[in-house]
Amino acid sequence: MGELGRSYRFNDEMKWYELWQREGLFRPEVNPEGEPYCIVIPPPNVTGSLHMGHALNATLQDILIRWKRMQGFRALWLPGTDHAGIATQNVVERELGREGLDRYTLGRKEFLRRVWRWKEEYGERIINQLKRLGASCDWSRQRFTLDEGLSRAVREVFVKLFEDGLIYRDLRLINWCPRCHTALSDLEVEHEELEGRLTFIRYPLSGDEGGYVVVATTRPESMLGDAAVAVHPEDGRYKDLVGKMVKLPLTRREIPIIADEGVDPQFGTGAVKVTPAHDFNDEAIARRQTPKLPFISVIDDDGKMTDAAGKNYAGLDRYECRRKVLEDLKELGLIEKEQRHLHSVGHCYRCKTIIEPLSTVQWYVDVKGLAEEAVKAVRDGRIGLIPEGWKKSYFAWMENIKDWCISRQIWWGHQIPVWYCPYCKTEEGQHQGDLIHVTLYRPLNAGGDEVRGGTYTELRLRGLAPEDIVNNAKTVKVEMTVKPICSREDPGECPFCGSKELIRDNDVLDTWFSSALWPFSTLGWPDDTDDLKTYYPTSVLVTAFDILFFWVARMIMMGLRFMDDIPFHDVYIHAIVRDATGQKMSKSKGNVIDPLLMIDRFGADAFRFALTAFAAQGRDIRFSEERVEGYKNFINKLWNAAKFILTNTEGVVPASTHETSWRDDLDIPGRWILSRLSKTAERINTALGEYRFNDAANAIYQFIWHEFCDWYIELSKPIIYDQGRSGADTGADPAVKESRGLKAATLRCLLHTLDGSLRLLHPFMPFVTEEIWQALPHTDRSIMISPFPHPEESDADAEEKMSYIMEAISGIRSIRGELNMAPSLELTAQIKPNNPGIGEVLKGNALYISRLARTKKLEVDTAVRKGKGVATSVRDHLEVYVPLEGLLDVDSELRRLRKDLQKIEDSITALDRKLLNEEFLRKAPKEVVEKEKLKYNEFTLKKERILESIDKLQELKGEDDGRKKEGS
RNA sequence: GGGCGGAUAGCUCAGUUGGGAGAGCGCAGCCCUUACAAGGCUGAGGUCACAGGUUCGAUCCCUGUUCCGCCUACCA
């Protein structure tokens, strides 16, 4: 047993974390016999630092894990980080940029060394921040998506899907980020409404001097790549023009006017320019046409115009080019008009650069079949989404899912396990080496000549060694017809021609590809490990909705495919944390609140509790510091309660869970608080079982502050102090003896309830609970492995009787408060119980009433004779009178009573309406009618009593007034 | 364009099988009562967005309207 300082110092939180870690308490092996319970953490980016979303996410998982661990489960919270391909690469490239370098000057190998170095240096930052939060992850099992094991999993999955024909290459338009220099999946594109300009441009008709067609566009620069002008086939205005040609301004090309169903005659002029290589819509039109329209790429990887754009524009940035095109068109008098136009524009989710659709060869996963299975798993309830509302979006997305573009033109990540042989021939008989196009990041010397790129065959013929080519390649574009060699092991030679010279695919996989395997790759798959057998499928996944599609859906698909089982039973989808005004937090808005700052200022416990208490299902959290502060006060309250109990229970033998005989000596308040404690445990269990975190948090808050502190501790004081005074007694008096038993029992009850409260609170506030608990008599090493309180049968009798006591006390307090009487003023009070049974309870507990309500004299009798000058409080089971000779402020008491009367009359009127309604009597359930009748009787009784009091007062007032008149 | 969610006390929000409207903060009054003024006690404050409907009875179920968010989509 220890002593507690004056106030809780949360700065020492980490000493407990160190203890937990030292003792290995985060490992599931602390409960070797327990049923497995497992959560895999949504791996944060290695580049990341803890933000509010992480903090909430981790707090909720920690609550579940600590709760289950205390319940004896073999609870595993498996942590790790994600290599975050694009984000991490960006960070390191920026770093290089400051040194005047870029990744190409370093070359792939050296660049990757740099990234790993960066990762070793900074990659643990977010992990350490999670520790500050108190996250009880099993760090001995920590994983990283680029670990050897996880990489093997990725490779296995890729090869298997390739073999099954579910991974393929294709040439089509993709979302390209010119800044990150890579393809992106549809999900990685954020659409934002922007105000742009709709420009109406005249395209002169060929062979019809003066005739023209007007097209409207938001991207004038793309006209350089136009392949046609399209109109709706039914559009009368243009019917005659279909099949004719127009002269494409600023170029020497002529392009046809074609008909396509996809054109909206209502929009713009009804005629649209078609740029197949730079617009998804136009791509579709181009593919529908016979003959197919040509794809003319006028914008390159960097967002600059290509040679195909014409010599006036080649090399210009796409937006510079736009300005120049507009200028040039204006000069030619071909701009009819411009208007403002609101449209949504795709941005790179990593760097916010505007996406450029480019026609490239990429790798795709055919997800249709996988998605079907994943839909089934949710539809038939094998996986639960909580709150359920998300199912709808899940289904909607899954049912319209498009193939997943998984290749990225970056270096940090899992390189695609595919090789190409430059010496084999394609089915059409071409040399594959001629179809592999390499651009070098710097000119290489080849026999005296400077070489900047070319086909692989050319480069080899000019004398460059294979290593030189690969190591200096900026881009390697492999045409569609080249045969891929996909292999689990790096192939030493071509399986077809035996050539030892193979070129590996330059691209890496989307980071989400490896994240999709997380629930089983982290447990050891593809090996058949004990962990995998024990913990898969995992219990629950806790995450925010913004990665429902990115991650959750894909994990379900991959889990079902490769483990033949769901990856988790439940998915709990929590809120987004916003700022106090409801804005999403973002760096650009400058409204980000740093969780670590909150932890520094208020402690991790208060911060966690604030997040939890507001984590209601289906609603976003508006975060504000005040709330955290409020929970810091709660900690203070708890601390002081503990201090009080500890100083008063010195020497009290620890109340072991088995030894319960002391309970027999308890009186009503003691039995009541135990019953409430048990009820609270039950409420928390139910709430957490349903992922109703806010309910659970509020239940324990309510119990500790408003039941334990406000009532029980106050009620214990008369026992502790009064009996303490007579403690020196000989003990001959049986009443004293008995009360000694009561005192001992009360002290134990205080300790027991404090201990139980701490355990119930521990999952939410791990640090302060540990600190207090360590000061309590205890046997376990830590509260975090002590048993979570089991709900017992509730003590209805004690709860009922306690309500009488509470009514009596608050009745008296109410009169005191309402009539503005000083708390120090000791009153005389009379209580008239509704029946003798209630009276017995009140008499037996008179000590509590008089102490808490501060009375010097207390009379309890069903036949109490109400004096003339009394204040009255009418409660459900009793009436309270406080005679106020001389003190009575008759008018304010009358006002008070009339207010009560009004309330009760309103209720009675409402009930009247109901009970006089025959249909209600006939149709409503009997219990309800009975209840309403009972209420009616109760209320009328109450009303009569209040009326009686009013009468009495009015009588008195009459006399008073009379006296005053006489006196004057 | 399609879909989803929200509108309850001054503020932020709970309210799960439709049966007398709750919390926290804030506010007002009285109190430094020997755990805690980071506190105690008492209290004020709500036609549960609006309009219909179902029902004996609606904050809750249905329809519509208004306002506010979010997701999604190939409106050039």
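Proteins come first, then strands; the chains are lettered A, B, ... in the order of their sequence lines, and each starts at number 1.
- Under 4.0 angstrom from either OP1 or OP2 of U33(B) there lies no side-chain N or O belonging to Arg854(A).
- Base pairing analysis places C4(B) opposite G69(B); the two distances defining the Watson-Crick or G-U wobble pair are each below 3.5 Å.
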Discussion item. For Asn917(A) and Lys914(A): C-alpha separation, side-chain torsions, deciding distance, then whether side-chain hydrogen bond (donor to acceptor under 3.5 Å, both in side chains) applies.
Written reply: CA-CA 5 Å; Asn917(A) 185 336; Lys914(A) 252 188 206 179; over 6 Å; no

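- Atom C1' of A9(B) sits at a distance of 10 Å from the matching atom of G22(B), rounded to the whole Å.
- You'll find that the side chain of Asn281(A) is closest to C74(B), out of C74(B), U12(B), A35(B).
- Atom name C1', nucleotides G15(B) and C48(B): the rounded distance is 11 Å, in whole Å.
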Practice prompt. Show your working on ring pair (Phe, Tyr, Trp, His ring centres under 6.0 Å) between Tyr572(A) and Phe693(A) and close with a plain yes or no.
Written response: CA-CA 11 Å; Tyr572(A) 176 68; Phe693(A) 294 92; 5.3 Å; yes

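- Within the 4.0 angstrom heavy-atom criterion, no nucleotide atom of any strand lies near Val215(A).
- When rounded to the nearest whole Å, the span between CD1 of Ile547(A) and P of C70(B) equals 19 Å.
- As rounded to the nearest Å, U17(B) and C74(B) have P atoms that lie 42 Å from one another.
- The residue Ala396(A) sits apart from the nucleic acid: no heavy atom pair falls under 4.0 Å.
- Summarising the base pairing, G10(B) is matched to C25(B) through a Watson-Crick or G-U wobble pair whose two defining distances lie under 3.5 Å.
- The base-pairing partner of C56(B), taking Watson-Crick or G-U wobble contacts with both distances under 3.5 Å, is G19(B).
- Nearest-nucleotide positions on RNA chain B place Ile621(A) closer to the 5' end than the other of Val928(A) and Ile621(A).
- Nearest to the side chain of Cys709(A), among A14(B), C74(B), A35(B), sits A35(B).
- With rounding to whole Å, Ile772(A) atom CD1 is found 11 Å from A35(B) atom C1'.
- Each of Phe614(A), Phe602(A), Tyr631(A) was scored for a ring-ring contact (aromatic ring centres under 6.0 Å, His included) with Phe609(A), with one residue passing: Tyr631(A).
- Looking at heavy-atom distances under 4.0 Å, Asp264(A) makes contact with a base.
- Residue Trp397(A) is the one, among His343(A) and Trp397(A), whose nearest nucleotide of RNA chain B lies closer to the 5' end (criterion: closest heavy atom).
- Considering only side-chain N and O atoms, Tyr394(A) lies nowhere under 4.0 angstrom from the phosphate OP1 or OP2 of G3(B).
- Distances from the side chain of Phe920(A) to the nucleotides A76(B), G19(B), A38(B) place G19(B) closest.
- Across all strands shown, C32(B) forms no Watson-Crick or G-U wobble pair with both distances under 3.5 Å.
- Rounded to an integer number of Å, the gap from Glu826(A) CD to C31(B) P is 17 Å.
- Pair assignment for A51(B) gives U63(B), based on Watson-Crick or G-U wobble hydrogen-bonding distances that are each under 3.5 Å.
- Nucleotides G24(B) and A44(B) are separated by 15 Å at their P atoms, to the nearest Å.
- Taking the P atoms as reference points, U65(B) lies 24 Å from C71(B), given to the whole Å.
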Worksheet item: Going through the distances and angles, do Arg875(A) and Ser873(A) end up as a side-chain hydrogen bond (donor to acceptor under 3.5 Å, both in side chains)?
Response: CA-CA 6 Å; Arg875(A) 302 278 149 155; Ser873(A) 176; 3.2 Å; yes

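- Contact check, His341(A) against A76(B): a side-chain N or O comes under 4.0 Å of OP1 or OP2.
- When the nucleotides C70(B), U12(B), A35(B) are ranked by their closest atom to the side chain of Phe545(A), C70(B) comes out on top.
- Contact between the side-chain N/O atoms of Lys717(A) and the OP1/OP2 oxygens of A35(B) is found at a separation under 4.0 Å.
- Rounding to whole angstrom units, CD of residue Glu690(A) and C1' of U17(B) are separated by 13 Å.
- With P as the reference atom, G18(B) and G52(B) are 24 Å apart, rounded to whole Å.
- Look at Lys914(A) and you won't find any side-chain N or O under 4.0 angstrom from OP1 or OP2 of G57(B).
- Across all strands, Phe267(A) comes closer than 4.0 Å to base atoms (heavy-atom distances).
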Close N or O pairs between protein and nucleotides 39-43 of chain B (under 3.5 Å):
| unit_1 | atom_1 | unit_2 | atom_2 | d |
| --- | --- | --- | --- | --- |
| G39(B) | OP1 | Asn633(A) | ND2 | 3.2 |
| G39(B) | O3' | Lys637(A) | NZ | 3.2 |
| G40(B) | OP1 | Lys637(A) | NZ | 3.3 |
| G40(B) | OP1 | Trp705(A) | NE1 | 2.6 |
| U42(B) | O2' | Glu818(A) | OE2 | 3.4 |
| G43(B) | OP1 | Ser814(A) | OG | 3.2 |

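- Straight-line distance between the P atoms of U59(B) and U47(B): roughly 13 Å, to the nearest whole Å.
- Between Arg922(A) and C56(B), a side-chain N or O to OP1/OP2 separation shorter than 4.0 Å is absent.
- The distance between atom CG of Leu827(A) and atom C1' of U33(B), rounded to the nearest whole Å, is 14 Å.
- Taking atom CD1 on Ile401(A) and atom P on U72(B), their separation rounds to 13 Å, with Å as the unit.
- Within 4.0 Å of Ala616(A), counting heavy atoms only, lie sugar-phosphate atoms of the nucleic acid but no base atom.
- Surrounding CZ of Arg322(A) are more than 12 heavy atoms belonging to other residues, nucleotides or ligands, all under 6.0 Å away.
- For A44(B), there is no paired base (Watson-Crick or G-U wobble, both distances below 3.5 Å).
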Worksheet entry | Audit row: Lys273(A), Thr275(A), side-chain hydrogen bond (donor to acceptor under 3.5 Å, both in side chains) steps and yes/no | CA-CA 7 Å; Lys273(A) 62 193 258 334; Thr275(A) 321; 2.9 Å; yes

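- Within the nucleic acid shown, Lys392(A) comes within 4.0 Å of sugar-phosphate atoms alone, with no base atom in reach, counting heavy atoms only.
- The existence of a salt bridge linking Glu826(A) and Lys856(A) is excluded, since no basic side-chain nitrogen approaches an acidic carboxylate oxygen closer than 4.0 Å.
- Ring geometry, His341(A) versus Phe267(A): the interplanar angle exceeds 60°, so the pair is classed perpendicular (tilted spans 30 to 60°).
- Ring-centre distance between Phe550(A) and Phe545(A): not below the 6.0 Å cut-off.
- Comparing C61(B) with U55(B), their C1' atoms are spaced 10 Å from each other, to the whole Å.
- A distance-only check finds no donor-acceptor pair linking the side chain of Asp235(A) to the backbone of Val231(A) [under 3.5 Å].
- Within 4.0 Å of Arg627(A), counting heavy atoms only, lie sugar-phosphate atoms of the nucleic acid but no base atom.
- A donor-acceptor contact under 3.5 angstrom links the side-chain atoms of Glu714(A) to the base of A35(B).
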Item to complete: Please step through side-chain contact (heavy atoms from CB on, under 4.5 Å) for the pair Met806(A) and Trp711(A), ending with a clear verdict.
Response: CA-CA 9 Å; Met806(A) 290 164 97; Trp711(A) 285 101; 3.4 Å; yes

